[in-house]
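Taking it in order: structure first as structure tokens, then the write-up.
Worth knowing before you read on, the calculation uses all heavy atoms, side chains too, and leaves out hydrogens, waters and symmetry mates.
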Amino acid sequence: MTRCGVTGPIDLRGLIAQALQMGDELHNRNRAATSLFLRELAPALVEAAPAHAAQVLRFAGGNDHFFLNPAMAAAKVSTDAARGVPGSSLVVAMARNGTDFGVQLSGLGDRWFTGPAGVPDGLYLGAYGPADANPDIGDSTITETSGLGGFAMAAAPAIVKFVGGEVGDAITATRSMYEITLAEHPAYQIPGLGFRGTPVGIDVALVARTGLLPVVNTGIAGRVAGTGPGGRGTGEPARRGVHCRVERARIR
């Protein structure tokens, strides 16, 4: 839930669940979620600021990723609830800073385990190419940590036009993530998989055992400061830098 002025609480989990069934995966595709969110806010905006409501709605409606920030907040709250379980190898956070890719585990407190961030593989805008890309950056991988984004790609087949690949690749990506997660989300369901819950709860023990890495949907930042995004694609944590270190720490 999030509280928003005169509207009262907004059920973000329910909204995300509905958006998944409308073709979003809540990381690189937020079109349905943004529309649903604005539908919730619009009456209150008109009542609270009738002179400015149109301007606000026009601004929000002009950004298909407007809902990404509420989605990240909802994801962070849900993963934080799993922190502090003694001996647990469950991943509760993933983030990148353009240099390193880091993870935190439920049973190891606030310690970060890091490795080199990779350059995403995807579609580039205009004349941009891999040589113009910065290593992966941002904290939006909290969506994947909670079973959304790359883990829910089977719910959003249209996203392949945005990140590259074929529709079958999106389905394969989601199916493979069931092999490294501990559960299926009870609320976030994928119609194309018979309403199966999205894979959730990354276990580094399963990552080490299978060799599979989390699938991450991401933007591709330009290597030169000020150039903005160069495209969209998918990435993964550094295999040797992150997961081997995490597994050694867990075993100790």
Shortest non-hydrogen separation from [X] to [Y] and the atoms involved:
| X | Y | value |
| --- | --- | --- |
| Q189 | P186 | NE2-O, 3.6 Å |
| R29 | A158 | NH1-CB, 4.0 Å |
| A17 | A187 | CB-O, 3.4 Å |
| G149 | H27 | CA-CB, 3.6 Å |
| P43 | E40 | CD-O, 3.8 Å |
| P157 | A154 | CD-O, 3.9 Å |

Tell me whether [X] shares a hydrophobic cluster with [Y], the cluster being built from Ile, Leu, Val, Met, Phe, Trp, Tyr side chains joined at under 4.5 Å.
| X | Y | result |
| --- | --- | --- |
| F37 | L68 | no |
| W112 | V91 | no |
| V204 | V85 | no |
| I10 | V46 | no |
| F101 | I142 | no |

>> Pair L20, L148 - check side-chain contact (heavy atoms from CB on, under 4.5 Å), show working.
In response: CA-CA 9 Å; L20 282 169; L148 301 171; 4.0 Å; yes
Donor-acceptor contact below 3.5 Å, side chain [X] vs main chain [Y]:
| X | Y | answer |
| --- | --- | --- |
| D24 | L26 | no |
| S176 | A173 | yes |
| D100 | G102 | no |

Tell me every residue that passes side chain to side chain contact (heavy atoms under 4.5 Å, CB included) with [X], counting only those two or more places apart in sequence or in another chain.
| X | value |
| --- | --- |
| I137 | A221 |
| A183 | V200 |
| L206 | I180, L182, D203, R209 |

Rounded to the nearest 0.5 Å, what separates atom [atom1] in [X] from atom [atom2] in [Y]?
| X | Y | atom1 | atom2 | answer |
| --- | --- | --- | --- | --- |
| I171 | L193 | CD1 | CG | 7.0 Å |
| I159 | D169 | CD1 | CG | 12.5 Å |
| D136 | T141 | CG | OG1 | 7.5 Å |
| I16 | S146 | CD1 | OG | 7.0 Å |
| I202 | S106 | CD1 | OG | 13.0 Å |
| L90 | L108 | CG | CG | 11.5 Å |

> Please, which pairs that meet salt bridge (Lys or Arg N to Asp or Glu O under 4.0 Å) have at least one residue in residues 181-201, sequence neighbours excluded?
Replying inline: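 Pairs touching residues 181-201 that pass the test: E184-R196.
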> Which residues pass the side-chain hydrogen bond (donor to acceptor under 3.5 Å, both in side chains) test with T198, sequence neighbours left out?
Replying inline: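 Partners of T198 by the side-chain hydrogen bond (donor to acceptor under 3.5 Å, both in side chains) criterion come out as none, since no residue qualifies.
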For residues 70-83, please give each side-chain donor-acceptor pair under 3.5 Å, one per line with the distance, not counting sequence neighbours.
{"unit_1": "K76", "atom_1": "NZ", "unit_2": "D80", "atom_2": "OD1", "d": "3.2"}
{"unit_1": "S78", "atom_1": "OG", "unit_2": "A74", "atom_2": "O", "d": "3.4"}
{"unit_1": "S78", "atom_1": "OG", "unit_2": "A75", "atom_2": "O", "d": "2.8"}
{"unit_1": "T79", "atom_1": "OG1", "unit_2": "A75", "atom_2": "O", "d": "3.2"}
{"unit_1": "T79", "atom_1": "OG1", "unit_2": "K76", "atom_2": "O", "d": "3.2"}
{"unit_1": "T79", "atom_1": "OG1", "unit_2": "V92", "atom_2": "O", "d": "3.3"}
{"unit_1": "D80", "atom_1": "OD1", "unit_2": "R83", "atom_2": "NE", "d": "2.8"}
{"unit_1": "R83", "atom_1": "NH1", "unit_2": "Q104", "atom_2": "OE1", "d": "3.2"}
{"unit_1": "R83", "atom_1": "NH2", "unit_2": "Q104", "atom_2": "OE1", "d": "2.7"}

> So T174 and E25, side-chain contact (heavy atoms from CB on, under 4.5 Å) or not? Walk me through it.
Replying inline: CA-CA 11 Å; T174 294; E25 45 72 76; over 6 Å; no
>> Please evaluate residues E144 and N217 with respect to the criterion side-chain contact (heavy atoms from CB on, under 4.5 Å), reporting the C-alpha separation (whole Å), side-chain torsions for both, the decisive distance (0.1 Å), and the verdict.
In response: CA-CA 8 Å; E144 277 79 13; N217 287 342; 3.8 Å; yes
> For L15 and F67, what are the C-alpha separation, side-chain angles and deciding distance, and is it a side-chain contact (heavy atoms from CB on, under 4.5 Å)?
Replying inline: CA-CA 10 Å; L15 196 153; F67 187 77; 3.7 Å; yes
